[in-house]
Amino acid sequence: MAEINHFEYGWITPALSYALSVFGSVLGLICAGRIRTARTAGLRAWWGLLAAWALGGTAIWAMHFMAMLGFAVAGTRIRYDVPLTAASTAIAVVAVGIGLAIVGTGRLNPVRLVAGGIFTGVGVAAMHYTGMAAMRLNGTLGYDTVRVALSVVIAVVAATVALWLAMTVRRPLAIFASALVMGVAVNGMHFTGMSALSVHQHEGRGEVTGTGMGALLVPIVLAVIFGVVGLLYALLAAPTEDDRAAAAYLDARRVPEPAAAAPVVAPDPVGLRARSTLGQPGTPFPSRREMPPR
């Protein structure tokens, strides 16, 4: 049995992973709040996609990746299978997106909430264990069944609470407090699943294939940064309900411009204007031949 260290760099990696999960939860809850106020199906789908990326991509998957930076196994290098790592990202985002679609379409009720929570929680657990399956090392991974089941239960409960908060929380202070709780739940699920892991090291020291963590670090960090910047830009650029209410109030208070006055026609008591050809604009000056006889 190989020795496992989950905190090779001390408190740095768990602190950063918790900060990422809280930050992603804040962005995700704000985007989810925009789903409720969106006026068209296209806007609801757009905000749902952004919320899924914030929660699934940043709060869950990026947190998992950051925590894995501190994971080490004595006597072997750890590398990662890139396609499986990318698949774990897609699983997290898709699972959260479908969960938001379940609870965000129609009136929120317990059946929708539980169904969305179960689907999302199982998806988050699948993301975690897919990411673990992407590891390549000189050993065989084993899992404690009880702790794996406990991690799945934590994921389902955390996902259900997260979806309920996404559909109900609106005030900034409540969003921040909810994000703190969600960060604890996401990290609790991750480290519970990690505690179920054991590594049975191989006798021989074969070549470990895959991509090292250092090579994955730069593209993943850049993807997270650009994703967060895009989310912030979308949130800052989109008008809020207060903005729409203010615009409607200003439109209601705006004084309409007066209609253009009709031209005033000078009086013509003897009918000279009707008999005169010179009174018509654009009429050519009459010649002597065209003048009527006297």
| message | Can you confirm whether V199 sits close enough to T140 that some side-chain heavy atom of one is under 4.5 Å from a side-chain heavy atom of the other? | response | no

| task | Give a yes or no on whether L50 and L232 share a hydrophobic cluster (residues Ile, Leu, Val, Met, Phe, Trp, Tyr; joining criterion: side-chain heavy atoms under 4.5 Å apart). | result | yes

| request: Establish whether V93 and V122 are linked, either directly or via other cluster members, by ILVMFWY side-chain heavy-atom contacts under 4.5 Å. | output: no

| said: Does any part of the side chain of L137, heavy atoms only, come nearer than 4.5 Å to the side chain of R77, both counted from C-beta? | reply: no

| message | With side-chain contact (heavy atoms from CB on, under 4.5 Å) as the criterion, how do V124 and M189 come out once you've worked through the C-alpha distance, each side chain's angles and the decisive distance to 0.1 Å? | response | CA-CA 9 Å; V124 170; M189 178 269 160; 4.3 Å; yes

| query | Side-chain contact, heavy-atom cut-off 4.5 Å: M132 with M68? | reply | yes

| field | Rounded distance [0.5 Å steps], OG in S25 versus CE in M63 | value | 10.5 Å

| message | Using the rule given for side-chain contact (heavy atoms from CB on, under 4.5 Å), can you reason through M194 versus H128, listing the C-alpha separation, both sets of side-chain angles and the distance that settles it, and then say yes or no? | response | CA-CA 9 Å; M194 293 300 295; H128 174 81; 3.8 Å; yes

| request: Nearest 0.5 Å please: distance from the OG1 atom of T192 over to the CD1 atom of I154. | output: 3.5 Å

| field | Hydrophobic cluster membership, V229 vs F23, 4.5 Å side-chain cutoff | value | yes

| query | Could you give the distance from OG1 (T211) to CG (D81), rounded to the nearest 0.5 Å? | reply | 8.0 Å

| field | side chain to side chain donor-acceptor pair (under 3.5 Å) between S21 and N187, worked out | value | CA-CA 8 Å; S21 60; N187 283 265; 3.1 Å; yes

| Least distance between heavy atoms, A51 atom then L100 atom | CB-CD1, 3.6 Å

| query | With hydrophobic residues grouped by side-chain heavy-atom distances under 4.5 Å, do V161 and I60 end up in a single group? | reply | yes

| Do F119 and V94 share a hydrophobic cluster (ILVMFWY, side-chain heavy atoms under 4.5 Å, transitive)? | yes

| Which atoms form the tightest heavy-atom contact between V224 and A62, and what is the distance? | CG2-CB, 4.0 Å

| Side chain of S151, backbone of G193: donor and acceptor closer than 3.5 Å? | no

| request: For residues L29 and S178, report the shortest heavy-atom separation together with the two atoms involved. | output: CD1-CB, 3.8 Å

| field | Worked verdict on N5 versus F71 for side-chain contact (heavy atoms from CB on, under 4.5 Å) | value | CA-CA 6 Å; N5 186 1; F71 178 75; over 6 Å; no

| note | In terms of heavy-atom contacts, G123 and I91 come closest through O-CG2, 3.4 Å

| Do L165 and M182 come close enough that some side-chain heavy atom pair is under 4.5 Å? | yes

| Can you check whether L235 reaches C31 side chain to side chain, under 4.5 Å on heavy atoms? | yes

| query | Closest heavy-atom contact between Q201 and A2? | reply | OE1-CB, 3.6 Å

| said: Could you check whether any side-chain heavy atom of F226 comes within less than 4.5 Å of a side-chain heavy atom of V228, counting everything from C-beta outward? | reply: no

| request: Please answer whether the main-chain N or O of Y80 pairs with a side-chain N or O of R136 as donor and acceptor at a distance below 3.5 Å. | output: no

| query | Parallel under 30°, tilted from 30 to 60°, perpendicular over 60°: which one fits the rings of Y143 and Y129? | reply | perpendicular

| said: Would you say that I4 contacts H6 through its side chain, given a criterion of any heavy-atom pair below 4.5 Å between the two side chains? | reply: yes

| query | Short question: side chain of T13, backbone of Y9 - any donor-acceptor pair under 3.5 Å? | reply | no

| note | Rounded to the nearest 0.5 angstrom, the CD1-OG distance for I12 and S17 is 12.0 Å

| Going through the distances and angles, do I225 and V221 end up as a side-chain contact (heavy atoms from CB on, under 4.5 Å)? | CA-CA 6 Å; I225 291 175; V221 168; 3.8 Å; yes

| task | Kindly give the heavy-atom pair with the smallest separation between A159 and G121, and that separation in Å. | result | CB-N, 3.5 Å

| note | Residues passing the ring-ring contact (aromatic ring centres under 6.0 Å, His included) test with F7, sequence neighbours excluded, are F191

| request: Ignoring hydrogens and angles, tell me if any N or O in the side chain of R170 forms a donor-acceptor pair with the backbone of M167 under 3.5 Å. | output: no

| query | CG/L163 to CG/L55 distance, rounded to the nearest 0.5 angstrom? | reply | 8.5 Å

| message | Working to the nearest 0.5 angstrom, can you tell me the gap between L180 CG and I175 CD1? | response | 12.0 Å

| task | State, with a plain yes or no, whether a side-chain heavy atom of L217 is found less than 4.5 Å away from one of L69. | result | yes

| Under the ring-ring contact (aromatic ring centres under 6.0 Å, His included) test, residues paired with W61 that sit two or more places apart | F65

